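What follows is a short report on a single structure.
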Amino acid sequence: MKKLLIKNGRVIDPANNLDETLDILVEKGKIVVLNKNLNSDGAKIIDAREKIVTPGLIDMHVHLREPGREDEETIESGCKAAAMGGFTSIACMPNTSPVNDNSAVTEMIIEKAKEANLVNVYPVAAITKGLQGKELTEMAELIDSGAAAFTDDGKCVQNSEVMRRALEYSKIFDVSLISHAECSELSQKGHINEGYYSTILGLKGIPSAAEEVSIARDIILAELTNTRVHFTHVSTEGSLRMIKEAKERGLKITCDVTPHHLVLTDEALLEYDTNFKVNPPLRGETDVNALHKGLSEGVIDAIVSDHAPHAVHEKDVEFALAAFGIIGLETTLPLMLTKIVGEGILKLPELIKKLTIAPAKILNTNKGNLSVGNNADVTIFNTKTKVRVDSNKFLSKSRNTPFNGWELNGVIDYLIVGGKMIVEDEKLVNRA
Ligand code: DOR
Ligand code: ZN
């Protein structure tokens with residue numbers, strides 16, 4: 001493998017408190033040295049002047065649809081989309097068909113990801129068999145096979161006793177339990193946020209309480225079992241109030257938020273466009289403001305895409321029948337650069353932290369930093385180039401984005417995974 005020398009970029013590595021112009025030398029797939037004015041004979045030079053150089057970004061909430069719905073996304077197509085979005089590592093959710101609730105599925109995902117040979121894939125296994133909320137999966141076996149964390153995402157474990165046991169097991173193995181917080185009795189048959197817009201549009205609402213009841217329960221169970229819990233895609237002011245209070249009391253709670261919940265409100269539903277239909281639903285302005293505050297105060301640890309690909313025939317239907325979900329691998333970074341950093345809610349290093357070392361810690365991996373000796377996973381982008389989102393150019397197999405046509409800043413120039421160039425000059429490297 002060729003030596004790489006990344007020259008004169010603004011290196012932002014929150015894990016090592018770095019934000020300065022540096023060169024990085026990569027040799028045999030590892031980071032060898034970071035310093036000013038490095039030279040190396042025979043190294044391939046990447047000119048990173050005017051560019052941002054960060055640890056490879058991590059998206060810890062992605063739905064790849066393999067096995068089962070390869071028409072929507074395969075492991076390979078999802079990895080390509082991740083690379084184009086600047087992610088060197090992704091964690092994939094278990095709500096496939098069959099469900100990732102056994103070693104055979106976990107091993108198959110790892111095998112296919114290896115064959116794709118693009119980005120690191122961390123399979124997240126189910127908490128309960130078949131996502132049925134009843135019987136726990138064989139956690140020890142799944143961890144041996146490579147499961148990085150556990151969740152019933154897409155669904156929520158409704159039975160508190162089952163959730164308690166899951167937390168007790170996760171503590172033994174020191175893995176994260178990711179809670180998709182949703183009380184199904186309160187949310188069932190709902191389509192959008194319960195409030196003014198659900199009333200005038202005549203659509204059944206999903207109240208904030210559906211999420212908050214479940215967050216309250218899991219905080220209580222985290223305290224009972226003295227275990228860590230990670231809440232994914234938090235969307236309401238009340239959820240954040242409880243999470244903030246729990247963190248202040250020293251409980252081991254972390255949480256993440258999606259770009260769509262940060263930049264859209266339920267007002268967007270006025271035209272019944274099913275690309276805005278997502279679970280949890282887009283909320284009101286008070287909630288969005290609370291999410292912004294949660295980000296800047298550090299109550300929200302990580303940002304995730306919740307990339308949820310769906311086929312055209314599942315979205316191009318009557319609103320009530322449409323599937324929930326938004327794809328996000330290829331828009332998350334530009335959206336966050338433009339709408340969150342651009343509008344002063346986070347500084348760039350704070351954003352990078354929420355896309356690197358924060359999710360790495362939650363997943364218990366050694367990623368998300370540019371420490372010497374580590375595998376060289378590096379993302380190089382520029383915040384200046386403006387692009388119009390064109391979903392037809394996505395490498396994802398699906399097109400269900402509400403952001404098509406938006407003008408955003410931020411383009412991935414290079415992506416390096418384990419010292420290998422995956423994206424070069426804004427294009428996926430053809431390694432056939
Ligand atoms: O909108 C969503 N789509 N929310 C989820 O929790 C699941 C996801 C999916 O799998 O499509
Ligand atoms: Zn979810």
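Since we're looking at a predicted model, the values are computed, not measured. Order of appearance sets the numbers: ligands from 1, and atoms from 1 within every ligand.
- Geometrically, Lys51 does not engage Phe381 in a cation-pi contact, judged by NZ or CZ lying under 6.0 Å from the ring centre and within 45° of the ring axis.
- Here the heavy atom of the protein found nearest to atom 10 (O) of ligand 1 is Asn95 ND2, 2.9 Å.
- With ligand atoms numbered from 1 in the order given, ligand 1 contributes 3 (N), 8 (C), 9 (C), 11 (O) to contacts under 4.0 Å with heavy atoms of Ala308.
- Note on ligand 1: Lys155 sits outside its first shell, no heavy atom being nearer than 4.0 Å.
- Here the closest heavy-atom approach between residue Gln132 and residue Lys155 is recorded as NE2-NZ, 3.8 Å.
- When only non-hydrogen protein atoms are considered, atom 3 (N) of ligand 1 lies nearest to Phe324 O, 3.1 Å.
- Taking the six-membered ring where tryptophan is involved, the planes of His61 and His233 are tilted, since the angle between them lies from 30° to 60°.
- Below 4.0 Å from some heavy atom of His180 lie the following atoms of ligand 1, by number and element: 6 (O).
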Walk me through it: do Lys80 and Phe394 pass the test side chain to side chain contact (heavy atoms under 4.5 Å, CB included)? CA-CA 9 Å; Lys80 286 183 180 170; Phe394 284 171; over 6 Å; no
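- Shown in contact with Gly154 at under 4.0 Å from a heavy atom are these atoms of ligand 1, numbered in order with element: 6 (O), 7 (C).
- Of all atoms in ligand 1, numbered sequentially from 1 with element shown, those under 4.0 Å from a heavy atom of Val278 are 1 (O).
- The number of protein N/O/S atoms found under 2.8 Å from the Zn ion (ligand 2) is 3.
- Between the side chains of Lys252 and Asn226, at least one donor N or O sits under 3.5 Å from an acceptor N or O.
- Every residue was checked against the ring pair (Phe, Tyr, Trp, His ring centres under 6.0 Å) condition with His230, not counting sequence neighbours, and none meets it.
- Between Arg65 and ligand 1 there is a heavy-atom distance shorter than 4.0 Å.
- Side-chain N or O atoms of Ser214 include none that pairs as donor or acceptor with a backbone N or O of Glu211 at under 3.5 Å.
- Thr401 and Asn404 are not linked by any side-chain donor-acceptor pair at a separation below 3.5 angstrom, with hydrogens and angles left out of the test.
- Closest heavy-atom approach to atom 2 (C) of ligand 1 among the candidates Asn279, Ile326, Asn400: Asn279.
- Looking at Met93 against ligand 1, nothing comes within 4.0 Å, counting heavy atoms.
- The distance from ligand 1 to the heavy atoms of His310 drops below 4.0 Å at these ligand atoms: 11 (O).
- Residue Leu264 holds its CG atom at 5.5 Å from CG of Leu282, rounded to the nearest 0.5 Å.
- Expressed to the nearest 0.5 Å, how far OG1 of Thr88 lies from NZ of Lys367 amounts to 6.5 Å.
- Residue Pro280 has no N or O atom closer than 3.5 Å to an N or O atom of ligand 1.
- Of the residues Thr258, Ile303, Leu408, Ile340, the one that meets the side chain to side chain contact (heavy atoms under 4.5 Å, CB included) test with Leu335 is Leu408.
- Other residues, nucleotides and ligands contribute only 12 or fewer heavy atoms inside 6.0 Å of the NZ atom of Lys353.
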